[in-house]
Colleague: 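Mind having a look at this structure? Questions to follow.
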Amino acid sequence: QVQLVESGGGSGQAGGSLRLSCAASGHTNSRYCMTWFRQAPGKEREGVAAIEPDGTTHYADSVKGRFTISQDNGKNTLYLQLNSLKPEDTAMYYCAAVSFSWVRGYCWDQMHTDAWGHGTLVTVSS
C-alpha cells in the first residue's frame, strides 16, 4: 500500500501561481499512474493532470498550458505547478495512485485508484 500526503495549497490571485506537492511513502515501487484530481464545491471530482510510469503526461483541456505535473523519483514526490490561476481552479486537490493498466485513459479511472491523499485546498480570487 502507498500513502500520499499533499501540501502547498492556499489562496492565490487570478493570474498567479501555486505549487502543490504530494509525498509518497510505502510501496512506491509498484507501477502507478500518479494523478491529480480536484473537486470544486457542488461538482464531481475530475482528473486534472497525470504522469505515467514512463513519464508520459496527460492534462485536462481546462488546465492544458497552465498546469504542469512533474515528479522527483529520488524524493518520491509528485508536484503540480499551477500558473495563470483562474477563479474556476478553486477546488480541493487530491493526488492519487492509479493502478497501471494498458487501457487507454486509465490514469483518470477513480475506481482503480489504490491510494488517495487527504487533499489540499486551493482558493483563487478574482
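No hydrogens, no waters, no symmetry mates; every other heavy atom, side chains included, goes into these values.
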Colleague: Can you list the residues that meet the salt bridge (Lys or Arg N to Asp or Glu O under 4.0 Å) rule with R66, with sequence neighbours excluded?
Modeller: D89
Colleague: Might you point out which heavy atoms bring S126 and Q13 nearest each other, and give the distance in Å?
Modeller: O-OE1, 3.9 Å
Colleague: Mind checking what makes side-chain hydrogen bond (donor to acceptor under 3.5 Å, both in side chains) contact with S99, not counting sequence neighbours?
Modeller: D114
Colleague: To the nearest 0.5 Å, what is the distance between CG on D109 and SG on C33?
Modeller: 10.5 Å
Colleague: Residues in salt bridge (Lys or Arg N to Asp or Glu O under 4.0 Å) with D72, at least two apart?
Modeller: none
Colleague: Which residues satisfy the ring pair (Phe, Tyr, Trp, His ring centres under 6.0 Å) test with F100, sequence neighbours excluded?
Modeller: W102, Y106
Colleague: Could you list the residues that satisfy side chain to side chain contact (heavy atoms under 4.5 Å, CB included) with T57, not counting sequence neighbours?
Modeller: I51, Y59, I69
Colleague: Just by modelled atom types, is the V103 backbone N or O under 3.5 Å from a matching donor or acceptor in the S101 side chain?
Modeller: yes
Colleague: Suppose we screen for side chain to side chain contact (heavy atoms under 4.5 Å, CB included). Which residues come up paired with T56, at least two apart in sequence or across chains?
Modeller: E52, D54, H58
Colleague: Taking all atoms of both residues into account, what is the closest heavy-atom pair of K64 and D61, and its distance?
Modeller: NZ-OD1, 3.1 Å
Colleague: When clusters are formed by joining ILVMFWY residues with side-chain heavy atoms under 4.5 Å apart, either directly or through shared neighbours, do M34 and V2 land in the same one?
Modeller: yes
Colleague: If every non-hydrogen atom of G8 is compared with every non-hydrogen atom of L18, which pair is closest and at what distance?
Modeller: O-CD2, 4.4 Å
Colleague: Between L20 and Y93, is there a side-chain heavy-atom distance shorter than 4.5 Å?
Modeller: yes
Colleague: Listing request: all side-chain hydrogen bond (donor to acceptor under 3.5 Å, both in side chains) pairs with a residue in residues 42-51, at least two apart in sequence or in separate chains.
Modeller: R38-E46, R45-Q110
Colleague: Of the non-hydrogen atoms in Y94 and G117, which two are nearest, and what is the gap between them?
Modeller: CD2-O, 3.6 Å
Colleague: Please output the side-chain donor-acceptor pairs of residues 73-84 that fall under 3.5 Å, not counting sequence neighbours, one pair per line with the distance.
Modeller:
unit_1: N73; atom_1: OD1; unit_2: Q71; atom_2: NE2; d: 3.4
unit_1: T77; atom_1: OG1; unit_2: K75; atom_2: O; d: 2.9
unit_1: Q81; atom_1: NE2; unit_2: N83; atom_2: OD1; d: 3.0
unit_1: N83; atom_1: OD1; unit_2: S17; atom_2: OG; d: 2.9

Colleague: What pairs meet the disulfide (SG to SG under 2.5 Å) rule with one or both residues in residues 36-95, with sequence neighbours excluded?
Modeller: C22-C95
Colleague: Show the nearest heavy-atom pair for residues Q1 and A115, with the distance to one decimal.
Modeller: NE2-CB, 4.3 Å
Colleague: Under 4.5 Å between any side-chain heavy atoms of L4 and H118, yes or no?
Modeller: no
Colleague: List for me each residue that meets ring pair (Phe, Tyr, Trp, His ring centres under 6.0 Å) alongside F37, sequence neighbours excluded, and say none if there are none.
Modeller: W116
Colleague: Please report the closest heavy-atom contact between G47 and A60, naming both atoms and the distance.
Modeller: O-CB, 3.5 Å
